[in-house]
Protein chains: 2
Amino acid sequence: MLNSAAFKAMAHPVRRDILRRLRAGPLSAGELAESYSMSKPSLSAHFNSLRAAELIFATREGNRILYSLNVSVADEVVSAVMELFGVDPETQRAARGEHVQDS
Amino acid sequence: MLNSAAFKAMAHPVRRDILRRLRAGPLSAGELAESYSMSKPSLSAHFNSLRAAELIFATREGNRILYSLNVSVADEVVSAVMELFGVDPETQRAARGEHVQDS
DNA sequence: AGAGTAATTAGGTTTTATGCTAAATAGCGC
DNA sequence: GCGCTATTTAGCATAAAACCTAATTACTCT
């Protein structure tokens, strides 16, 4: 089952933004850092928080460190939130504006 | 769009448990409190946190105060988390073990 | 090896969160 | 009004989160 650390990690807007950006593919610490008006060490702490929750993982690429989204944990989080609020898939599809033909 | 307060509210295990329990219907502060080894004032602070995020709302019932899940905000949270991780509905349905017939 | 670049860890401060006890508020029933 | 029950607000202590600068580590290139 899902760790409480994942929910804590999602509590900060910068960390949520990092997750959103990593959806598209890995980015280095520096590339990520450019977008935020925050010191690199502070960003690094956010990476640690996300890494502790296993929402992201790091790989070294020569000089730089690349961060990637951990897709399987991301999916677990989505499922956990759906369970939390008792959303059934039909309801969710409707909420997203998709419709089924009235019989 | 969705408030950051909702994510903060979900960061605490007791608050998540409260949300889970309110899925089934309204409960009073006292009924909720029975389950946790925590003082009532501390629980009350958790209610405030959930209320500030509009994830729950309170109605007075005589002597007691009933808390209810705010379903529309709950749905917004689910959508926000799905957007965050870029889950498309098809993928999500598959992750939940539902299958479509191979054509 | 030494200089340069990328990113972290160390150490410290400030703010926010989480918990407590004691006191206050709100409604109920006599 | 008074006592009882339910719950909150007030006030306070401690723990955790979030930020900073300075120093360190890890790698590349000449």
Side-chain angles (χ1 to χ4, degrees), chain A residues 2-22 24-70 77 84, chain B residues 2-22 24-70 77 84:
Chain A
L2 190 67
N3 200 326
S4 198
F7 284 99
K8 279 194 184 177
M10 287 193 297
H12 196 289
V14 164
R15 290 193 295 258
R16 286 198 301 280
D17 196 60
I18 291 166
L19 292 169
R20 217 172 270 119
R21 290 175 67 196
L22 292 181
L27 289 169
S28 71
E31 285 168 330
L32 286 164
E34 278 169 18
S35 315
Y36 309 105
S37 54
M38 180 179 289
S39 73
K40 281 167 189 221
S42 296
L43 248 294
S44 195
H46 286 305
F47 300 148
N48 279 337
S49 160
L50 289 164
R51 214 149 45 88
E54 296 183 276
L55 280 164
I56 65 174
F57 59 92
T59 51
R60 187 171 274 280
E61 174 92 357
N63 216 4
R64 305 171 313 150
I65 292 177
L66 293 185
Y67 285 104
S68 311
L69 189 65
N70 186 335
V77 170
L84 186 57
Chain B
L2 189 68
N3 201 324
S4 198
F7 282 100
K8 279 192 183 177
M10 287 193 298
H12 196 288
V14 165
R15 290 193 295 259
R16 285 197 302 278
D17 196 60
I18 291 167
L19 292 170
R20 217 173 269 119
R21 291 175 65 196
L22 291 181
L27 289 169
S28 72
E31 285 167 331
L32 286 165
E34 278 169 18
S35 314
Y36 310 104
S37 55
M38 181 179 289
S39 73
K40 280 165 189 223
S42 296
L43 247 295
S44 196
H46 286 304
F47 300 149
N48 279 337
S49 161
L50 289 164
R51 212 149 46 86
E54 296 183 276
L55 279 164
I56 66 173
F57 59 92
T59 52
R60 187 170 275 278
E61 175 91 357
N63 216 3
R64 305 171 312 151
I65 291 177
L66 293 184
Y67 285 105
S68 311
L69 188 64
N70 186 334
V77 170
L84 186 58

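Because the structure is a prediction, the values reported are computed rather than measured. Below, chain A is the first sequence line, B the second, and so on; all start at residue 1.
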Problem - Counterpart residues, salt bridge (Lys or Arg N to Asp or Glu O under 4.0 Å), relative to R21(B) (two or more places apart) - result: none
Practice task
Only counting residues at least two apart or in another chain, list the ones meeting side chain to side chain donor-acceptor pair (under 3.5 Å) with R64(A).
Solution key: none
Practice task
Could you identify which residues of residues 40-50 of chain A place a heavy atom less than 4.0 Å from some atom of DNA chain C, listed by residue number, or say none?
Solution key: K40(A), P41(A), S44(A), F47(A), N48(A)
Completion exercise
Between L55(A) and the options I18(A), L22(A), N70(A), V77(A), the side-chain contact (heavy atoms from CB on, under 4.5 Å) test singles out V77(A)
Exercise for the section: Not counting sequence neighbours, which residues clear side chain to side chain donor-acceptor pair (under 3.5 Å) with N63(B)? List them please. Expected result: none
Problem - Residue pairs involving residues 2-12 of chain A (criterion side chain to side chain donor-acceptor pair (under 3.5 Å); sequence neighbours excluded) - result: S4(A)-R16(B)
Completion exercise
Whether each nucleotide of nucleotides 24-30 of chain D has a protein heavy atom under 4.0 Å at its base (B), only at its sugar-phosphate (S) or at neither (-) is summarised, 5' to 3', as --BBS--
Exercise for the section: Measure the spacing between CE of M10(B) and OG of S49(B) and express it to the nearest 0.5 Å. Expected result: 11.0 Å
Exercise for the section: For S39(B), enumerate each residue passing the side-chain contact (heavy atoms from CB on, under 4.5 Å) test, keeping only those at least two apart in sequence or located in another chain. Expected result: P41(B), S42(B)
Completion exercise
In numerical order, the residues of residues 7-22 of chain B whose heavy atoms come under 4.0 Å of DNA chain C are K8(B), H12(B), R15(B)
Completion exercise
Contact span of DNA chain C against chain A, any nucleotide atom under 4.0 Å from a heavy atom, 5' to 3', runs dT5(C) to dT9(C)
Problem - Summary of salt bridge (Lys or Arg N to Asp or Glu O under 4.0 Å) pairs that have at least one residue in residues 51-61 of chain B, sequence neighbours excluded - result: none
Exercise for the section: For dA18(D), take OP1 and OP2 only and decide whether either is under 4.0 Å from a side-chain N or O of Y36(A). Expected result: no
Problem - Pairing residues for A29(B) by the side-chain contact (heavy atoms from CB on, under 4.5 Å) criterion, not counting sequence neighbours - result: F47(B), Y67(B)
Completion exercise
Taken to the nearest whole Å, CG/L66(B) to P/dA6(D) is 13 Å
Handout entry: Y36(A) to D17(A) - nearest heavy-atom pair and separation
Key = OH-OD2, 2.6 Å
Practice task
Hey, could you give me the CG/CG distance between L43(A) and N48(A), rounded to the nearest 0.5 Å?
Solution key: 11.0 Å
Problem - Heavy-atom pair with the smallest gap, counting every atom of E31(B) and S28(B) - result: OE1-N, 2.8 Å
Fill in the blank from the handout: Taken to the nearest 0.5 Å, the spacing of H46(A) NE2 from I56(A) CD1 works out to 11.5 Å
